[in-house]
Structures are given as structure tokens and as C-alpha cells.
Amino acid sequence: MAPSATGEPAPMHLPVISKASTISASVLHGPRDLRLERRSIEEPSIGELQIAVRTTGICGSDVSYYKKFANGDLCACMPLSLGHESSGTVVAIGPHVSGFSIGDRVALEVGIPCGQCGICRKGRYNLCKKMRFRSSAKSVPHFQGTLQERINHPAIWCHKLPDNISFDAAALLEPLSVAIHAVNRASPEPGSTALVLGAGAVGLLTAAMARQAGCATVTITDVDQGRVDFAVSKGFATHGYVVPRPLHSSSSSSSIASSTNSGISTPLDGVMTPGSTMSFQSQLDSAKMLAADMLSLTNAHKPLLVEDEDDGVDITFECTGKEICMHTALYATRPGGKVIMVGMGTPVQTLPMSVAHLREIDILGIFRYANTYATGIRVLCAQSVGAGFTLPNLDEMVTHRFKGLENAKGAFELASRTVDDDGNLVLKVVIEA
């Protein structure tokens with residue numbers, strides 16, 4: 001964890017700004033109603049740092065709020081600044097904060113738990129019922145996001161960065177944390193096999209972290225050829241599978257399925273998935289065939305087994321949140337294996353539970369992350385020393401950059417797509433100061 005705010009006396013730091021000042025902020029007032037406004041900001045209070053935000057990545061949940069003023073069941077009821085994948089520099093230091101200096105580069109962990117409940121004391125603070133998460137409408141008043149010039153943030157949730165980690169890569173520590181938490185929950189054994197459904201930002205990073213954890217083969221799937229090609233060519237996954245387009249009645253370049261909270265791209269309006277066009281039994285039959293096709297990619301390279309009942313991967317990471325993909329995940333996982341629910345999409349799903357029951361497949365959910373930022377920073381630092389498998393360059397995941405909050409609307413419009421007007425891959429869109 002980052003250097004903490006303590007109750008011990010600390011040297012007073014002179015702020016570099018006046019006691020109260022005004023800043024620019026990108027504020028959402030309704031669906032696609034994004035406005036650039038001026039806000040007042042005070043000096044950081046006890047235990048806080050004031051951060052000049054340098055980079056904010058746009059997440060799938062941000063796009064959902066932008067398009068619908070809602071994310072799943074959470075509806076915004078007041079103006080809301082979006083953004084929670086962020087990095088910046090320390091410009092002011094509040095009382096009783098030690099371990100930081102003006103100019104320090106930091107990544108922001110934007111979920112603030114109560115720190116006092118039993119769940120927090122057990123270290124699983126991501127499940128705290130009093131959690132306040134920036135850019136989320138769950139708490140009222142809403143906890144404003146990072147698409148502002150400066151914000152005041154608790155020092156204990158600011159993580160100092162080494163010089164070799166860029167601001168863009170530091171912003172991606174947030175989705176990387178989701179991936180780290182997912183793989184921690186999966187606990188793969190060395191030599192395990194893994195399947196990742198969905199090749200958005202979180203899917204890519206989950207695949208890479210599965211490789212980092214010792215998985216011998218990691219297959220990633222998506223309906224978008226460009227994303228699958230990127231994943232394999234950059235080393236995020238060992239194998240790639242493009243889901244046939246006829247299964248998805250859409251002319252857009254949407255990802256395998258929509259996800260509201262996982263970093264997977266949000267498809268354009270009007271996309272029809274198998275769940276909306278097939279009978280339930282047809283969906284299951286389709287999922288079985290799809291799983292068999294995915295497994296055939298790596299089965300040809302596996303040593304011959306005495307029994308064929310072991311067919312399937314050890315771990316499937318479902319990163320889309322869609323029902324049809326959960327069906328596929330269950331059929332693609334071997335007896336005794338695990339399905340990790342990473343993507344948050346369809347809240348109520350009908351699943352063939354007997355597949356999991358009779359084959360003892362563990363279904364594990366994850367929600368955001370806990371105790372992951374220090375690990376993420378160490379993993380990024382390992383890129384420069386080349387120790388074993390190293391995470392691919394996260395800066396290459398940033399395909400489009402928008403300069404200044406005044407260009408936020410264009411960034412959100414592009415982030416809802418998977419190709420730009422020139423046909424180039426859209427993967428991660430960031431807004432830079």
C-alpha cells in the first residue's frame with residue numbers, strides 16, 4: 001500500500017496554490033450531455049493530497065453513464081464527473097501526511113472504503129458496504145470522478161510511481177488491478193490452461209496476468225478480428241479465436257458482448273446477441289459448439305490423455321458479463337475446473353447449472369479489486385528487467401489520446417466503438433491534461 005496518512009505530527013508543507021481556487025471539470029448532466037464547467041476546490045484536508053490529474057482512461061462503465069446516464073441498475077440523479085482510471089502529480093499536501101513530496105507521480109486507487117467494518121479488517125475492502133467509488137452513482141451525493149483538473153484524494157489511496165512507468169500505463173493500473181484480482185481468485189497452478197472470453201482492456205490484461213501466473217496456454221476470444229490479432233501479436237495471449245459473426249446480428253464492430261463495468265467495449269445500440277434471437281436450447285447448443293471450436297485450437301498440441309473426460313481448460317475467465325458467454329464458459333471448462341466471472345453485464349441470467357454441478361466446476365465472482373496496486377506496480381517495473389514472462393507494454397494498449405477536458409465528448413464517442421473512422425483499432429481511449 002502507498003505511504004499512509006498517520007496521526008503522527010508531520011512537517012507542514014506550504015501549498016503551491018491559494019486556499020481556494022477554481023478548476024475545470026467535465027460534468028455529465030444527462031445522456032450525452034457533457035459540459036465543461038468551473039468548480040471550486042479547497043486545500044487538501046487532513047490525510048489528503050491534492051493531485052493534478054494527468055491521464056484518465058475511459059472505461060466501459062464510463063461509456064454506459066455517458067450514453068444512458070446509468071450503469072446497470074445504478075442511475076445518476078445529479079451531475080457527475082466521470083473517470084476512475086487515473087494518474088497524476090502531487091501539487092499540495094494536507095496536514096498529517098508523510099511520505100509524499102510536491103511533484104511526486106502517483107496512480108489513484110479511487111475506491112474509498114470505510115476501513116472500520118469487519119470486511120475491511122479482513123482485507124477485502126472492495127466488498128465494503130460503505131465503499132465510495134469515484135464516477136459511480138451508487139453513493140449519494142455521487143463521488144465525483146477524475147475528469148477534473150485537480151482533485152483532493154486520501155493519501156493512503158495514492159500510490160507512488162517509479163520514473164519508468166508512464167502516466168498512461170499508471171492509469172491502466174486500475175483495469176490491471178481487476179485482472180490481478182481475477183487471477184488471484186483463480187489461483188492457477190503452473191502449467192494450467194486458460195480461456196478468456198472478451199478481448200477488451202480487462203480481457204487482455206487478464207490473459208496477460210494468467211500467463212504471468214504460469215498458465216502454459218491462454219486462449220483469448222472475441223468477435224473482433226483486430227482485437228484478437230492484437231492480443232496474440234503483442235503477447236497477451238498464446239492463442240486467439242474469432243467468434244463467427246453470424247452468431248451476432250450486427251453491422252458494428254462491437255466486442256464479443258457488452259459489459260458495463262469491466263473495460264470490455266460497449267457495442268452500438270441495436271446489437272442483437274444470441275440470447276435475443278434463439279430459443280434457450282438453441283443457445284446451449286450454440287455454446288457447446290462454440291466451446292468445442294475454441295478448445296480445438298489447443299487440443300491438437302496437448303499430449304494424449306488416457307481419458308478424454310479431462311477435455312476443457314482449467315480456468316475460464318468470462319470478461320463480457322453476457323449470458324451466452326457464461327454458457328460457453330461452463331461448456332469449455334474441464335471437470336473440476338473454475339469459471340471466474342469478471343465482466344459485469346446481464347444482471348439476471350439463466351444458466352445450465354447441472355453442467356457445473358455434475359462436473360464440480362467452481363463458479364467464482366470478482367468485484368473490482370483489493371490489495372493489488374503494489375503488485376501491479378511491481379509487474380510494470382519487471383518489464384524493464386525482462387524477468388521471465390513480462391507483461392506486454394501497456395502504453396501500446398492506448399490507441400487514441402485526446403488532449404484537454406474540452407475534448408472529452410469526442411473521447412467518449414470514440415470509446416463506444418472498436419474502430420475509428422479510418423478503420424483503426426480502438427482499444428483504450430485516454431484523456432490527457
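None of these values were measured; they are calculated from a predicted model.
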A.B. asks: Evaluate the side chain to side chain contact (heavy atoms under 4.5 Å, CB included) criterion for residues Val430 and Phe167: first the C-alpha distance (whole Å), next the side-chain angles of each, then the deciding distance (0.1 Å), finally the verdict.
C.D. replies: CA-CA 10 Å; Val430 302; Phe167 284 114; over 6 Å; no
A.B. asks: Please examine the side chains of Leu290 and Val243, heavy atoms only from C-beta on, and report whether any two atoms are closer than 4.5 Å.
C.D. replies: yes
A.B. asks: Any salt bridge (charged side-chain N to carboxylate O under 4.0 Å, His left out) involving residues 93-113? Give me the pairs, sequence neighbours left out, ordered by first then second residue.
C.D. replies: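 Those involving residues 93-113 are Asp104-Lys160.
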A.B. asks: Using only atom types and a distance under 3.5 Å, with no angle test, would you say the side chain of Arg227 pairs donor to acceptor with the backbone of Val426?
C.D. replies: yes
A.B. asks: Find out whether Val196 and Val218 are in side-chain contact, i.e. whether some heavy atom of one side chain is under 4.5 Å from a heavy atom of the other.
C.D. replies: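 Result yes, sub-4.5 Å side-chain heavy-atom pair found.
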A.B. asks: Are Thr193 and Thr217 linked by a side-chain donor-acceptor pair shorter than 3.5 Å?
C.D. replies: no
A.B. asks: Between Thr219 and Leu195, is there a donor-acceptor pair closer than 3.5 Å when you use the side chain of the first and the backbone of the second?
C.D. replies: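 No; judged by distance alone, with no hydrogens or angles, the pair does not exist.
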A.B. asks: Taking NZ, NE, NH1 and NH2 as the nitrogens, is one of them in Arg401 or Asp168 under 4.0 Å from a carboxylate oxygen of the other?
C.D. replies: yes
A.B. asks: How about Glu413 and Tyr66: do any of their side-chain heavy atoms sit closer than 4.5 Å?
C.D. replies: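 Touching, per the 4.5 Å side-chain cut-off.
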A.B. asks: Can Gln283 and Ser286 be counted as having a side-chain donor-acceptor contact under 3.5 angstrom?
C.D. replies: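 Note: Gln283 and Ser286 side chains miss the donor-acceptor criterion.
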A.B. asks: In Å, rounded to the nearest 0.5 Å, how long is the span from CG of Leu74 to OH of Tyr65?
C.D. replies: 4.5 Å
A.B. asks: Between Val228 and Gly240, what is the shortest heavy-atom contact and its length?
C.D. replies: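 Smallest interatomic distance, heavy atoms only, reads CG1-CA, 3.6 Å.
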A.B. asks: Can you find a heavy atom in the side chain of His181 that is under 4.5 Å from one in the side chain of Arg368?
C.D. replies: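 In short, these two side chains do not touch, never coming nearer than 4.5 Å.
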A.B. asks: Of Gln50, Glu42, Glu43, which meets side-chain hydrogen bond (donor to acceptor under 3.5 Å, both in side chains) against Asn152?
C.D. replies: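 Of Gln50, Glu42, Glu43, side-chain hydrogen bond (donor to acceptor under 3.5 Å, both in side chains) with Asn152 is met by Gln50 alone.
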A.B. asks: Under a 3.5 Å threshold, yes or no: a donor from one side chain and an acceptor from the other, between Arg150 and Ser21?
C.D. replies: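 Short answer, yes.
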A.B. asks: Hydrogens and angles aside, do Thr320 and Glu318 bring a side-chain donor and acceptor to less than 3.5 Å of each other?
C.D. replies: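 On atom types as modelled, these side chains qualify, holding a pair under 3.5 Å.
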A.B. asks: I'd like to know if the side chain of Asp229 reaches the main chain of Gly226, judged simply by a donor and an acceptor atom lying under 3.5 Å from each other, with no hydrogens or angles considered.
C.D. replies: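 Flag not set: sc Asp229 to bb Gly226 has no pair under 3.5 Å.
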A.B. asks: Between Asp420 and Gly423, is there a donor-acceptor pair closer than 3.5 Å when you use the side chain of the first and the backbone of the second?
C.D. replies: yes
A.B. asks: Ignoring hydrogens, what is the shortest heavy-atom contact between Ile361 and Leu330? Give both atom names and the distance.
C.D. replies: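 Closest heavy-atom pair between Ile361 and Leu330: CD1-O, 3.6 Å.
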A.B. asks: Using only atom types and a distance under 3.5 Å, with no angle test, would you say the side chain of Thr328 pairs donor to acceptor with the backbone of Ile324?
C.D. replies: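 Side chain of Thr328 to backbone of Ile324, a donor-acceptor pair under 3.5 Å: yes, one is there.
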A.B. asks: Find the distance between CG (Leu28) and NZ (Lys409) and round it off to the nearest 0.5 Å.
C.D. replies: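 Between Leu28 CG and Lys409 NZ, I get 9.0 Å after rounding to 0.5 Å.
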A.B. asks: Distance alone, cut at 3.5 Å: any donor-acceptor contact between the side chains of Arg134 and Thr146?
C.D. replies: no
A.B. asks: What is the minimum heavy-atom distance between Ala182 and Ile340, and which atoms define it?
C.D. replies: O-CG2, 4.1 Å
A.B. asks: Answer yes or no: is there a side-chain heavy-atom contact under 4.5 Å between Lys338 and Thr316?
C.D. replies: no
A.B. asks: Has Thr206 got a side-chain atom pairing as donor or acceptor with Val202's backbone, closer than 3.5 angstrom?
C.D. replies: yes
A.B. asks: Does a side-chain heavy-atom distance below 4.5 Å link Val419 with Asn424?
C.D. replies: no
A.B. asks: Distance check, rounded to the nearest 0.5 Å: Gln144 atom CD versus Ser81 atom OG?
C.D. replies: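 The distance works out to 4.5 Å.
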A.B. asks: Carefully, step by step, assess Asp224 and Leu425 under the rule side chain to side chain contact (heavy atoms under 4.5 Å, CB included).
C.D. replies: CA-CA 9 Å; Asp224 189 84; Leu425 176 69; 3.9 Å; yes
A.B. asks: Going from CG on Leu173 to CG on Leu394, what distance comes out if it is rounded to the nearest 0.5 angstrom?
C.D. replies: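 The CG atom of Leu394 is 7.5 Å from CG of Leu173, to the nearest 0.5 Å.
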A.B. asks: Report the C-alpha distance between Met209 and Leu391 in whole Å, list the side-chain angles of each, state the deciding distance to 0.1 Å, and finish with yes or no for side chain to side chain contact (heavy atoms under 4.5 Å, CB included).
C.D. replies: CA-CA 7 Å; Met209 288 309 303; Leu391 196 71; 4.1 Å; yes
A.B. asks: Could you walk me through whether Phe230 and Leu204 pass side chain to side chain contact (heavy atoms under 4.5 Å, CB included), step by step?
C.D. replies: CA-CA 9 Å; Phe230 179 90; Leu204 288 170; 4.0 Å; yes
A.B. asks: Does the side chain of Asn126 come within less than 4.5 Å of Tyr369's, by heavy atoms?
C.D. replies: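 No, side chains not in contact.
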A.B. asks: Quick one: are the ring centres of Phe143 and His84 less than 6.0 Å apart?
C.D. replies: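 Ring-ring flag for Phe143/His84: false, centres at least 6.0 Å apart.
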A.B. asks: So, taking the atom named SG in Cys75 and the one named CZ in Phe69, what distance separates them when rounded to the nearest 0.5 Å?
C.D. replies: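 So the gap between those two atoms works out to 9.5 Å.
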A.B. asks: Spell out, as yes or no, whether a donor-acceptor pair under 3.5 Å connects the side chain of Thr22 to the backbone of Arg39.
C.D. replies: no
A.B. asks: Any side-chain to backbone donor/acceptor pair from Glu37 onto Ala25? Under 3.5 Å, distance only.
C.D. replies: no
A.B. asks: Which heavy atom of Pro79 sits nearest to which heavy atom of Val27, and what is that distance?
C.D. replies: CB-CG1, 3.6 Å
A.B. asks: Are the side chains of Leu108 and Ile151 in contact, using a 4.5 Å heavy-atom criterion?
C.D. replies: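 Side-chain contact under 4.5 Å: yes.
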A.B. asks: Where does the angle between the aromatic ring planes of Tyr125 and Trp157 fall among parallel (under 30°), tilted (30 to 60°) and perpendicular (over 60°)?
C.D. replies: tilted
A.B. asks: Nearest 0.5 Å, please: how far is OG in Ser416 from CZ in Arg32?
C.D. replies: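 Taking CZ in Arg32 and OG in Ser416, the distance rounds to 6.0 Å.
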A.B. asks: If I compare all heavy atoms of Asn71 with all of Ser61, which pair ends up nearest, and what's the gap?
C.D. replies: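 For Asn71 versus Ser61, the nearest heavy atoms are ND2-CB, 3.6 Å.
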A.B. asks: Look only at the side chain of Ser87 and the backbone of Ala107, and say whether a donor-acceptor pair between them is shorter than 3.5 Å.
C.D. replies: no
A.B. asks: Ring of Phe236, cation from Arg211 - is the NZ or CZ under 6.0 Å from the centre and inside 45° of the axis?
C.D. replies: no
A.B. asks: Quick one: do Lys234 and Glu396 make a salt bridge, cutoff under 4.0 Å?
C.D. replies: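 Yes, Lys234 and Glu396 are salt-bridged.
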A.B. asks: Measure from the side-chain N and O atoms of Thr346 to the backbone N and O of Gln349, and report whether any donor-acceptor pair falls under 3.5 Å.
C.D. replies: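 Answer holds: no.
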A.B. asks: Hey, are Ser86 and Thr56 close enough side-chain-wise for a donor-acceptor pair under 3.5 Å?
C.D. replies: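 Note: Thr56 and Ser86 side chains meet the donor-acceptor criterion.
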A.B. asks: Which heavy-atom pair separates Ser24 from Leu36 by the least distance, and what is that distance?
C.D. replies: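 Answer, listing the atom of Ser24 first, then Leu36: CB-CD1, 4.2 Å.
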A.B. asks: What I want to find out is whether Arg35 reaches Asp33 closely enough, with some N-O distance under 4.0 Å, to be called a salt bridge.
C.D. replies: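 Result for this pair is yes, salt bridge flagged.
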